[in-house]
Asks: 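Submitted below is the structure of interest, expressed as structure tokens.
All values below were derived from every heavy atom in this structure, side-chain atoms included, with hydrogens, water molecules and symmetry-related copies excluded. Start at 1 and go down the list; that is how both ligands and their atoms are numbered.
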Amino acid sequence: MNPNQSSTPGGAVVSRETAARLAAQTVGPVLLPGEDGYDVECASYNLAVSHQPALVVGVAGVADVQAAVDFAAEQGLPVAMLATGHSALPTAGAVLINTRRMDGVTIDAEARTARVEAGVQWQQVVEAAGKHGLAPLNGASPSVGVVGYTLGGGLSPIGRTFGFAADQVRRVELVTADGRLRVATATEEPDLFWAVLGGKGNFGVVTALEFNLFPVSHIYGGGLFFTADRAAEVFNAWGRWTAGVPDEMNSSIALLQLPPLPEVPEPLRGQMVVHVRIAYVGAAEEGERLVAPLREIAPMLIDSVMEMPYTAIASIHADPPNPIPVQDRSGLLREFTPELVDAIVEHAGPDSGSPLVIFELRHLGGALERRPAAGNASDLQGAAFSLYAVGLGGPNEAEAIHAHLTRVLAAIAPWSTGRLFVNFLTAADAAPEQFAQAYLPETYQRLVAIKASYDPTNLFRATPDIAAA
Ligand SMILES: Cc1cc2nc3c(=O)[nH]c(=O)nc-3n(C[C@H](O)[C@H](O)[C@H](O)COP(=O)(O)OP(=O)(O)OC[C@H]3O[C@@H](n4cnc5c(N)ncnc54)[C@H](O)[C@@H]3O)c2cc1C
């Protein structure tokens, strides 16, 4: 190969001279494979997916994004985005736009809104809003990117109370395939606004989002941990309990296989446990009354449910904040029955030999079913519970983990809605027919039509790709 060129497994080749033309227009770095800093710029939360783009641009602002998009269009290369790499999809051969330097957060306490730039992670917003007694509809993990999460719907640990994060967006600023910076709201470019909220990275590079905040300074929340040998009882009791709780009560349940690490508290260290997560938006006394039946199910290893500042919300799921190799799949369930619990325990419970470290069900419904008038492309289509299952491992373990994930999904298929949640789509769901499962047929058709109008050459195809269908 010519030493002045770089290629990637995607086959795309960008010469150093061509890359230098882009670098002359950007404030942030432009890096080719093999150059110092390329690996750091491409690093992802999910260590199982290695980004190997033809070129990576560490954008410092809107002008850098426009230069990178124009460059990709000129070179006939797809554009991919990376904020944190929580849902890393292969990006070989693409122009990868890393947004992490765009980290501005502005809170308007009076209007109860936040404006965040493309690279912001949730904990930044939670803390900035918390200073004013306000809360965003953040994700469970503190290090998930605000933009990627919100464009995929955004299912918050307090989502049953306030709805999807996407439903609270007031304004999207994005650079579209023609290199223009556009503003999309419910009244300005309304089709684009509808499509990008659910259509993920298919419509452009979002440079900033403005969304509503809620007056929540404290919640009654935390975790109840039970031994895994009581999994069937705990799952069944939790499922029955969810049927009677108000929208202010948010909860999920997970089978966890915890590592034998010093940072894991002693009764949980190296154990498989059942973790019931609670986030009640309301007075602690009422939260305590509602949670009481769960405390009666079986003896608990740990009970950390108490009044807490909203800024501690990430402690409820306690997702690993640092990069890990994730192999994951997901599903949406119509209902919860004792037979479903039998299937879960058989395939993910203590005697199943399961390699999964997390098998999680989240209780949906409530405000998640009340959609905004303008609507958007994100929808869980009547699902009552979401399922997310994770194994830890790189390429060597991937086959065994995915074989197990496939068996688990087959076992719970009778309860599945047959659809998927956009944010929990993984590399294993990237095929167009699987991506289409995240939408109602009419939503998908409208997305395809809007895509054709805003991105006729399918520049934004290194993302779950709407146009490929
Ligand atoms: C540990 C963990 C916990 C999670 N918890 C939740 C949760 O509670 N609720 C929930 O809904 N989801 C959750 N998710 C899923 C998460 O929301 C998605 O993985 C989301 O895509 C992450 O966005 P990111 O920017 O952090 O990731 P990245 O991998 O950096 O980006 C993912 C995708 O987002 C899009 N994107 C990112 N930036 C831009 C941009 N500027 N413009 C346009 N498109 C962009 C692109 O399509 C990109 O491919 C979780 C995932 C993990 C691994």
Asks: Among all protein heavy atoms in this structure, tell me which lies nearest to atom 9 (N) of ligand 1, with the distance rounded to 0.1 Å.
Replies: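 The protein heavy atom lying closest is Leu155 O, 2.8 Å.
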Asks: May I ask you to decide if Glu188's main-chain N or O and Thr185's side chain share a donor-acceptor pair within less than 3.5 Å?
Replies: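 The answer is yes, because a donor-acceptor pair under 3.5 Å joins these two groups.
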Asks: Hey, is Asp70 close enough to Arg180 for a salt bridge, meaning N to O under 4.0 Å?
Replies: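 A salt bridge is absent here (no side-chain N lies under 4.0 Å from a carboxylate O).
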Asks: Would you call Glu41-Arg100 a salt bridge at under 4.0 Å N-O?
Replies: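 Salt bridge flag = yes for Arg100 with Glu41.
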Asks: Do me a favour and list the nearest non-hydrogen protein atom to atom 42 (N) of ligand 1 with residue, atom name and distance?
Replies: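 For this ligand atom, the closest protein heavy atom is Val206 N, 2.9 Å.
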Asks: Identify, for atom 46 (C) of ligand 1, the protein heavy atom at the shortest distance, and state residue, atom and that distance.
Replies: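 Residue, atom and distance for the closest contact: Thr463 OG1, 4.0 Å.
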Asks: Does Gly204 come within less than 4.0 angstrom of ligand 1, counting non-hydrogen atoms of the residue?
Replies: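 Within the 4.0 Å threshold, so yes.
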Asks: Could you report the tightest heavy-atom contact between Leu340 and Glu335, atom names first, then the distance?
Replies: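 Taking Leu340 first and Glu335 second, the nearest heavy atoms are CD2-O, 3.7 Å.
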Asks: Below a 4.0 angstrom heavy-atom separation, can you tell me which part of Asn423, side chain or backbone, both or neither, approaches ligand 1?
Replies: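 Under 4.0 Å from ligand 1, Asn423 contributes backbone and side-chain atoms.
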Asks: Does Phe421 reach ligand 1, in the sense of a heavy atom lying below 4.0 Å from it?
Replies: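 Judged by the 4.0 Å heavy-atom criterion, Phe421 does count as contacting ligand 1.
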Asks: Answer yes if the side chains of Gln445 and Tyr439 hold a donor-acceptor pair under 3.5 Å, and no otherwise.
Replies: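 Result is no, nothing qualifies.
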Asks: Within the distance-only criterion (no hydrogens, no angle test), does the side chain of Thr161 pair as donor or acceptor with the backbone N or O of Asp247 below 3.5 angstrom?
Replies: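 Side chain of Thr161 to backbone of Asp247, a donor-acceptor pair under 3.5 Å: yes, one is there.
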Asks: Can you name the atoms of ligand 1, numbered from 1 with element, that are less than 4.0 Å from a heavy atom of Gly139?
Replies: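 Within the 4.0 Å cut-off of Gly139, ligand 1 contributes 8 (O).
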Asks: Specify whether Phe336 and Trp238 have parallel, tilted or perpendicular ring planes, treating 30° as the upper limit for parallel and 60° as the lower limit for perpendicular.
Replies: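 Taking Trp238 first and then Phe336, their aromatic rings stand perpendicular (interplane angle over 60°).
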Asks: Report the member of Val144, Leu137, Val147 with the shortest heavy-atom distance to atom 40 (C) of ligand 1.
Replies: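 It is Val147 that holds the nearest heavy atom.
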Asks: Are Val326 and ligand 1 in contact, using a heavy-atom cut-off of under 4.0 Å?
Replies: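 False for this residue.
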Asks: Could you say whether the N/O atoms of Thr84 and ligand 1 ever approach to under 3.5 Å?
Replies: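 Yes, there is a polar N/O contact under 3.5 Å.
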Asks: Checking a contact table here: which protein heavy atom is nearest atom 3 (C) of ligand 1, and how many Å away?
Replies: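 Protein heavy atom with the smallest distance to atom 3 (C) of ligand 1: Asp319 OD2, 3.5 Å.
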Asks: What protein heavy atom lies closest to atom 31 (O) of ligand 1? Include the residue and the distance to one decimal.
Replies: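 Nearest protein contact, heavy atoms only, for atom 31 (O) of ligand 1 is Ser87 OG, 4.0 Å.
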Asks: Tell me whether the rings of Tyr444 and Phe435 are parallel (<30°), tilted (30 to 60°) or perpendicular (>60°).
Replies: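 Perpendicular, since the angle between the ring planes exceeds 60°.
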Asks: Would you say ligand 1 has an N or O under 3.5 Å from any N or O of Ala140?
Replies: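 Indeed, backbone or side chain, Ala140 has an N or O that close.
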Asks: How does Asp328 reach ligand 1, by side chain, by backbone, by both or by neither, if only non-hydrogen atoms under 4.0 Å count?
Replies: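 Contact part for Asp328 vs ligand 1: neither.
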Asks: Within ligand 1, which atoms have a heavy atom of Leu151 less than 4.0 Å away?
Replies: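 In order of numbering, the contacting atoms are 43 (C), 44 (N).
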Asks: Among all protein heavy atoms in this structure, tell me which lies nearest to atom 10 (C) of ligand 1, with the distance rounded to 0.1 Å.
Replies: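 So the nearest neighbour among protein heavy atoms is Tyr149 CE1, 3.3 Å.
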Asks: Taking heavy atoms and a distance under 4.0 Å, where does Arg362 meet ligand 1: side chain, backbone, both or neither?
Replies: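 The part of Arg362 near ligand 1 is the side chain, not the backbone.
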Asks: How far is atom 28 (P) of ligand 1 from the closest protein heavy atom, and which atom is that?
Replies: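 Answer, as residue, atom name and distance: Gly85 N, 3.4 Å.
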Asks: Do Glu248 and Arg160 meet the salt-bridge criterion of a basic N to acidic O distance under 4.0 Å?
Replies: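 Glu248 and Arg160: not salt-bridged.
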Asks: Does any part of the side chain of Phe214, heavy atoms only, come nearer than 4.5 Å to the side chain of Leu137, both counted from C-beta?
Replies: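 Yes, their side chains come closer than 4.5 Å.
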Asks: One pair to check against ring-ring contact (aromatic ring centres under 6.0 Å, His included): Phe385 and His363. What are the steps and the verdict?
Replies: CA-CA 5 Å; Phe385 297 89; His363 182 207; 5.5 Å; yes
Asks: Which of the numbered atoms in ligand 1 are under 4.0 angstrom from any heavy atom belonging to Leu82?
Replies: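 Checking each atom against Leu82, I get 30 (O).
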Asks: Do any nitrogen or oxygen atoms of Ala83 come within less than 3.5 Å of a nitrogen or oxygen of ligand 1?
Replies: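 N/O-N/O distance below 3.5 Å exists for this pair.
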Asks: Please write down residue, atom name and distance for the protein heavy atom closest to atom 2 (C) of ligand 1.
Replies: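 It is His86 CD2, 3.9 Å.
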Asks: For atom 35 (C) of ligand 1, tell me which residue out of Pro321, Gly145, Gly148 has the closest non-hydrogen atom.
Replies: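 Shortest heavy-atom distance from atom 35 (C) of ligand 1: Gly148.
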Asks: If you measure from each heavy atom of Gly152 to ligand 1, is any distance below 4.0 Å?
Replies: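 Flag not set, Gly152 not near ligand 1.
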Asks: Are Phe424 and ligand 1 in contact, using a heavy-atom cut-off of under 4.0 Å?
Replies: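 So Phe424 counts as touching ligand 1.
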Asks: If we only consider heavy atoms of Glu117, is any one of them less than 4.0 Å away from an atom in ligand 1?
Replies: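 It does not; every heavy atom stays at 4.0 Å or beyond.
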Asks: Once you measure the plane-to-plane angle for Trp122 and Tyr149, does it fall in the parallel (<30°), tilted (30-60°) or perpendicular (>60°) bin?
Replies: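 Rings of Trp122 and Tyr149: perpendicular, as their planes differ by over 60°.
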Asks: Charged N to carboxylate O below 4.0 Å: is that the case for Arg446 and Asp191?
Replies: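 A salt bridge links Arg446 with Asp191.
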Asks: Would you say ligand 1 has an N or O under 3.5 Å from any N or O of Ser143?
Replies: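 No, no N or O pair falls under 3.5 Å.
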Asks: Are Leu332 and Trp415 packed together at the side-chain level, in the sense that at least one heavy-atom pair is separated by less than 4.5 angstrom?
Replies: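 Not touching, per the 4.5 Å side-chain cut-off.
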Asks: Can you check which of Glu173, His51, Lys200, Met81 brings a heavy atom nearest to atom 48 (C) of ligand 1?
Replies: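 Shortest heavy-atom distance from atom 48 (C) of ligand 1: Met81.
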Asks: Answer yes if the side chains of Tyr388 and Asn423 hold a donor-acceptor pair under 3.5 Å, and no otherwise.
Replies: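 The answer is no; no qualifying pair exists.
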Asks: Could you go step by step and tell me if Arg115 and Glu173 meet the salt bridge (charged side-chain N to carboxylate O under 4.0 Å, His left out) rule?
Replies: CA-CA 10 Å; Arg115 181 182 186 281; Glu173 296 166 29; 2.7 Å; yes
Asks: Between ligand 1 and Ser141, is the shortest N or O to N or O distance under 3.5 Å?
Replies: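 Checking ligand 1 against Ser141, no N or O pair falls under 3.5 Å apart.
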